[in-house]
2 protein chains.
Amino acid sequence: MKLKDDKKIVQIFQAALKLVAKKGLSGVTMGDISREAGIATGTLYVYFKGKDELINALFAACRENSVQVSFKGYNPQLPFKPGFKNIWLNILRYKLQHFEEVIFMEQCYHSPFITAGTREKAQQLSAPFYALMERGQKEQLIKQTDTGLLLIFMLGAMNELVKQTHYSGITLNRSRINSTFDLCWDALKA
Amino acid sequence: MKLKDDKKIVQIFQAALKLVAKKGLSGVTMGDISREAGIATGTLYVYFKGKDELINALFAACRENSVQVSFKGYNPQLPFKPGFKNIWLNILRYKLQHFEEVIFMEQCYHSPFITAGTREKAQQLSAPFYALMERGQKEQLIKQTDTGLLLIFMLGAMNELVKQTHYSGITLNRSRINSTFDLCWDALKA
DNA sequence: ATTGAAAATGAATATTTATTCGCTTATCTT
DNA sequence: AAGATAAGCGAATAAATATTCATTTTCAAT
């Protein structure tokens, strides 16, 4: 009995991400994915029931991964602002290093592939972000505006930053990253 | 001699926008579009060479329209901040009222449909936005950070705001809109 | 009213793409 | 080492989709 290879799933996911970032969700076929992953088309169907399942699985994996990485090194005992910056940097770094995931997630949101269930689960993973904002409000450090609004503002700006960085070839050196954090902090701070 | 009907092009565009916002670019077929527009599939090919041309034309039309609307009522003689808020509100209102275009543009960016030429032309239309930021900097009212960065920040946040507003059913009443403007202004102000 | 040129139609065709399946190859168990 | 079980293959098939085209309808000019 040979076992399904986890490494191969990673290969498939990476192939799909690369292709979607390059050509968009609508431009990517199962044939493209298998070729890019270096396996036969039929093999895709050993790992996933079909295209839908593949896309949903990838979507869920990306989401889980990104949330998990965001809070790496966060210690609620320490003061708010450095902790917040830590998370902000985690997110930005993640998005920069996983640009393809950013694009993939964006393209998926309005696709017929992602099921309500998958979407739901993704949403639930946002809870820690809300909690973070509430802490900042409790400590009177950030504005008493709806936390959803604050998060949208912060994450939307970051997303666009990452995308435009890629297109326009701006390099995000440390100084530019700090400038951007300052924009964000000035926006949110009480 | 019967003439091609401009109203029909609008119908086609609106059908395409509606469907893309609902199902994503990858979920929309020429058949869907013609059905939604209330015309025969073959008629689409009277107006456009094919799907590519249709998508590119719609992309260009959306972009031109949105830029044009953004500067409505802007008078460079008047002080910067109210002028800036005027434009900011124009953009926000436009995006809220034309949610489908927001989604369509987003989905297009990484699709194989949009040609380099179309993309180029869209980019050129950004010039007035850069000029606006430069004015604010000259008057020492906003941060001396790279204008591209400032714009990305502002527009990215708005885009996400509009999207999340639709999903989560937040209603953007006047007070909430003003809160969001304050976030934006605090971010940019010197 | 008649006519001609263009628009509109939608069934038929061509093309693309997802999925299946009979077969081969690899790996685990005994 | 042999047998069994599952992975891997890719050509063949099925399904979905774009595009064409022979025909009909519309409408402005005469």
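Computed from a predicted model, the values in this text were never measured in an experiment. Every chain is numbered from 1, with letters handed out A, B, ... down the list of sequences.
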Rounded to whole angstroms, how far apart are CZ on A:Phe48 and C1' on C:dT20? 18 Å
Interface polar pairs with nucleotides 14-20 of chain D, N/O, under 3.5 angstrom:
unit_1: D:dA18; atom_1: OP1; unit_2: B:Lys51; atom_2: NZ; d: 2.8
unit_1: D:dA18; atom_1: OP2; unit_2: B:Met30; atom_2: N; d: 2.6
unit_1: D:dT19; atom_1: OP2; unit_2: B:Tyr45; atom_2: OH; d: 2.9
unit_1: D:dT19; atom_1: OP2; unit_2: B:Lys51; atom_2: N; d: 3.0
unit_1: D:dT19; atom_1: O5'; unit_2: B:Tyr45; atom_2: OH; d: 3.4

Do the rings of A:His110 and B:Tyr167 sit parallel, tilted or perpendicular, given the 30° and 60° boundaries? tilted
Tell me, please, which residues at least two apart from A:Ser34 pass side chain to side chain contact (heavy atoms under 4.5 Å, CB included). A:Ile39, A:Thr41, A:Leu44
Please state how far atom OH in A:Tyr47 lies from atom P in D:dA6, giving the value in whole angstrom units. 14 Å
A:Val46 side-chain proximity, nearest of D:dG8, C:dA8, C:dT9: D:dG8
Roughly, in whole Å, what's the span from CZ in B:Phe113 to P in C:dT16? 13 Å
Starting from P on C:dG10, measure out to CZ on B:Arg35 and report it in whole angstrom. 12 Å
Ring geometry between A:Phe153 and B:Phe153 (parallel below 30°, tilted from 30 to 60°, perpendicular above 60°): perpendicular
Report the distance from atom CD1 of B:Ile9 to atom C1' of C:dA8, rounded to the nearest whole Å. 15 Å
How many whole angstroms separate atom CG of A:Leu19 from atom P of C:dT17? 13 Å
Please check the phosphate of C:dT9 (OP1 and OP2 only) for any side-chain N or O of B:Thr43 closer than 4.0 Å. yes
Nearest whole Å is fine: how far is D:dC21 P from B:Leu44 CG? 17 Å
N/O donor-acceptor pair under 3.5 Å between A:Asn56 side chain and A:Asp52 backbone: yes
Going hydrophobic residue to hydrophobic residue with side-chain gaps under 4.5 angstrom, can you get from B:Phe113 over to B:Phe59? yes
Check the distance between C:dA18's P and A:Leu25's CG and give it to me in whole angstrom. 11 Å
If Ile, Leu, Val, Met, Phe, Trp and Tyr residues are connected whenever their side-chain heavy atoms lie under 4.5 Å apart, and connections chain through other members, are B:Leu161 and A:Val162 in the same group? yes
